[in-house]
Amino acid sequence: MQKTVGEFTRNQPAEQASGPAAEQASGQDGAQRTLLTLAVRDYGDEDEAFTAGIDEQLAVVAEWWSSPAAADAFHRVPAPAVTGREHVEDFLREHQVREMRGEALVLFITGHGVAGSRTHFLKLPASVKGRHLNTSVRTTDLITAALDSHAENVLVIVNTCYAGQISGEIAELVQDISAERRNTCKLDVLVTCGHDSPVQVRRFPTLLRGALDRLRTTAGITTPYLSVAELMSEFERGLSPADVARHRLRRVVDGSGVTTSTPCIPNPGYRPVRELTGADGRPTGTPADDYWLDRATGRTQDQDPGWYFRGRDDINRGVTAFLSPARTRGVLLVTGSAGSGKSAVLARAVVLSDPAFRVDPLCKAALDLSGPDTVPAPGSVTGAVLARHRGAADLARDILEALGAVPRRVRSTGDPVVAWSQQILEVLRDRDDAVTLVIDGLDEADERHRIIEDVLAPLDELCGPQPLARVGPQRPDGEPFAGSGLRLLIGVRSSRPLSESCVELSDEEQGYNELLKTCFPTAEELRTDDRGSESDIALYLHALICEGGGGHRESAEEAAALVAPEVWPSFIDARIAGEQLRSAEDPAAVARRPEWQKMLRSGTTGLLERDLTLVAQDGLPSDVALALLRASAFAGGAGIPWSTIWPQMARVLLGRPLQDWDEMIAKLLKSRLNGYLAHDHEDDRRVYRPAHETLAEALRNLDRDWLAPGAPA
């Protein structure tokens with residue numbers, strides 16, 4: 001649950017609080033998150049370095065868990081100045097730690113630690129050597145106060161000398177926590193030192209800040225919360241191999257498993273996404289500001305706020321008519337040559353039909369540019385999935401999730417394609433409303449033959465004309481599982497191009513399309529690459545140059561008219577050309593250059609050659625940029641994650657040593673070359689790939705010399 005910073009206050013019910021805690025108590029929904037910090041920093045020895053180190057620890061912990069900029073910030077409850085044992089006990093009692101409630105409780109303990117014979121103590125300024133039982137605090141007493149509270153999820157981090165000794169003690173004590181709590185709550189404890197290791201007071205904040213920075217940039221983890229294993233892994237990445245054994249985080253209580261995320265560890269790199277909603281208001285699982293919004297707007301950069309989609313009135317009108325409430329069944333194929341805007345047309349329908357997006361200011365800008373008969377009705381799309389590089393089982397699972405269903409578990413000896421395809425039919429037959437599924441990039445899917453035959457073909461019974469009567473499985477009340485019908489809107493590259501300049505598909509590719517039409521004999525078809533789309537490309541270019549570049553209207557109009565015939569029917573090439581022109585002082589002057597027009601005729605590859613030359617002026621070496629782009633092209637699945645994989649692959653392709661790969665990737669993503677990349681999510685990681693498969697194919701050709709001298713400036 002996302003909440004504003006001001007809502008994260010006390011966790012226990014107001015009637016249980018007393019003293020200062022009562023003034024902060026809310027207890028309204030049990031979803032609050034609390035950060036308790038217990039730091040002993042003033043030992044009276046005038047050790048300024050130690051005191052500064054404690055302050056650094058508290059600062060980075062507060063930045064991670066209770067930063068005002070975080071939507072899910074924890075309410076921070078710091079301990080007062082601690083001198084003696086009574087101060088610690090007062091802290092536990094005053095804030096009712098043992099009775100604390102809420103969704104998440106994080107306790108951070110730091111200071112000097114003392115290793116007894118079998119007990120670990122938190123040393124206090126008033127501690128007396130040899131009398132730690134009475135003058136120090138048993139560290140496990142603090143830990144168990146949090147673990148055995150009423151908080152649903154608990155994380156304790158102990159950063160003291162010899163903290164590893166806690167492991168033996170705590171393992172026995174945890175068994176005294178009720179089995180129900182141990183089995184239903186995520187209870188985790190981490191320590192920063194081994195049994196016999198003293199703490200280096202400034203090492204922990206340095207490593208934790210490094211993990212914080214990586215999670216905000218290179219890690220690319222897309223979930224709102226992290227698992228303990230992910231936190232430990234990012235923390236350890238800041239250590240040299242020689243230091244790992246001594247200074248890594250150690251897990252002494254494992255209550256959330258290896259891969260399960262916990263609300264106790266917010267992901268500082270999480271980017272919230274708004275999900276599209278279907279006619280029934282349920283999320284479709286489709287992030288509106290990710291793939292679909294990128295394609296619908298025609299923007300060239302990830303964070304570009306503009307809406308540049310223009311024209312395409314006839315095809316938009318056809319899609320809107322297909323999605324009319326009066327029509328509940330059918331199959332519509334949106335086809336065309338590579339790069340001709342199939343995805344943009346589908347994405348526009350997906351985004352503009354999203355009821356949540358209809359209240360967004362960007363939607364108003366889009367609607368102002370559109371005729372009423374080209375705008376789908378709100379909620380007319382139930383779910384949208386991307387087939388690119390998805391196998392049959394992957395796509396079947398994606399469709400089920402888009403329908404709001406949980407894919408059933410499949411035995412190890414079972415076939416998930418068969419099981420989930422049957423479940424899709426069951427879900428659709430059991431719905432009372434008409435369902436619309438959008439499937440884009442079918443021509444770029446893996447296992448296309450099986451996807452068409454085993455996943456899509458069975459859906460024809462719900463897409464064809466409404467039967468007068470249906471014999472088959474029945475509901476418990478005796479009524480047939482008939483469903484209200486299914487509309488399939490599929491984006492797929494056409495078998496044969498309309499233009500001689502476009503490459504015809506191979507016999508194998510044509511065979512897939514023929515199989516698709518055989519499975520759906522009544523399917524209709526709309527093409528995106530007819531000659532009329534040339535004027536749409538000109539409109540798109542004009543919008544990119546003027547609205548994205550900040551002026552040059554007359555020059556932009558001339559430039560768009562010159563460029564559109566050269567790049568037609570490729571909107572991909574138009575997008576990249578527009579990105580180059582929008583930064584020019586005189587776009588028309590650039591577009592008139594013979595060498596630039598020659599480059600345009602080479603398509604995306606020609607445009608990329610020029611940008612690879614120019615990007616060196618921004619501090620990104622051309623050969624490094626090419627290696628990074630090629631690495632993204634060779635990545636399987638949805639793309640390549642930044643983390644350690646992208647640098648490793650690029651290092652091999654570059655063929656020379658380079659240390660600052662993360663800096664180079666950051667520059668790439670902020671440079672003119674960002675427009676050649678698309679981003680997606682896979683395995684809870686943000687991944688990157690070439691913006692189109694034709695570009696990926698060109699980049700995978702290692703015989704091509706992209707950096708030959710003489711590229712146009």
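Quick note: residue numbers are just sequence positions, from 1.
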Distance-only, no hydrogens or angles: does the [X] side chain make a donor-acceptor pair with backbone N or O of [Y] under 3.5 Å?
{"X": "Thr119", "Y": "Gly116", "value": "no"}
{"X": "Trp420", "Y": "Arg408", "value": "yes"}
{"X": "Trp661", "Y": "Leu658", "value": "yes"}
{"X": "Arg685", "Y": "Ala219", "value": "yes"}
{"X": "Arg248", "Y": "Ala245", "value": "yes"}
{"X": "Arg41", "Y": "Asp55", "value": "no"}
{"X": "Asp42", "Y": "Gly44", "value": "no"}
{"X": "Ser233", "Y": "Ala229", "value": "no"}
{"X": "His95", "Y": "Phe91", "value": "no"}

Can [X] and [Y] be counted as an ion pair, charged N to O under 4.0 angstrom?
{"X": "Glu56", "Y": "Arg209", "result": "no"}
{"X": "Glu89", "Y": "Arg85", "result": "yes"}
{"X": "Glu230", "Y": "Arg214", "result": "no"}
{"X": "Asp243", "Y": "Arg246", "result": "no"}
{"X": "Lys667", "Y": "Asp618", "result": "no"}

> Would Phe121 and Tyr162 count as a ring pair (Phe, Tyr, Trp, His ring centres under 6.0 Å) if you check the C-alpha gap in whole Å, the side-chain angles of each, and the deciding distance to 0.1 Å?
Replying inline: CA-CA 9 Å; Phe121 296 96; Tyr162 320 116; over 10 Å; no

Between [atom1] of [X] and [atom2] of [Y], what distance do you get to the nearest 0.5 Å?
{"X": "Glu234", "Y": "Leu208", "atom1": "CD", "atom2": "CG", "result": "11.5 Å"}
{"X": "Glu682", "Y": "Asp394", "atom1": "CD", "atom2": "CG", "result": "8.5 Å"}
{"X": "Lys123", "Y": "Lys129", "atom1": "NZ", "atom2": "NZ", "result": "9.0 Å"}
{"X": "Ile221", "Y": "Asn267", "atom1": "CD1", "atom2": "CG", "result": "6.0 Å"}

For the residue pair [X] and [Y], confirm or rule out a side-chain donor-acceptor distance under 3.5 Å.
{"X": "His75", "Y": "Gln32", "value": "no"}
{"X": "Glu103", "Y": "Asn153", "value": "no"}
{"X": "Asp188", "Y": "Ser256", "value": "yes"}
{"X": "Trp642", "Y": "Asp662", "value": "yes"}

>> Under the criterion side-chain contact (heavy atoms from CB on, under 4.5 Å), I'd like the reasoning laid out for Leu190 against Val156: C-alpha separation, chi angles, the key distance, then a yes or no.
In response: CA-CA 6 Å; Leu190 296 174; Val156 181; over 6 Å; no

> Closest approach of Asn159 and Phe204, non-hydrogen atoms and distance?
Replying inline: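 For Asn159 versus Phe204, the nearest heavy atoms are ND2-CB, 3.6 Å.
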
> Which atom names give the shortest non-hydrogen contact between Leu105 and Ala151, and what distance separates them?
Replying inline: CB-CB, 3.8 Å

>> Test of understanding: with ring pair (Phe, Tyr, Trp, His ring centres under 6.0 Å), list the residues that count as partners of Tyr43, not counting sequence neighbours.
In response: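 Tyr43: ring pair (Phe, Tyr, Trp, His ring centres under 6.0 Å) contacts with Phe50, His112.
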
> Cys264 and side-chain contact (heavy atoms from CB on, under 4.5 Å): which partner among Ile157, Val106, Leu107?
Replying inline: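 By the side-chain contact (heavy atoms from CB on, under 4.5 Å) criterion, Cys264 pairs with just one of Ile157, Val106, Leu107: Val106.
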
>> If you apply the rule side-chain hydrogen bond (donor to acceptor under 3.5 Å, both in side chains), what do you find for His120 with Thr139, and how did you get there?
In response: CA-CA 6 Å; His120 184 274; Thr139 311; 2.7 Å; yes

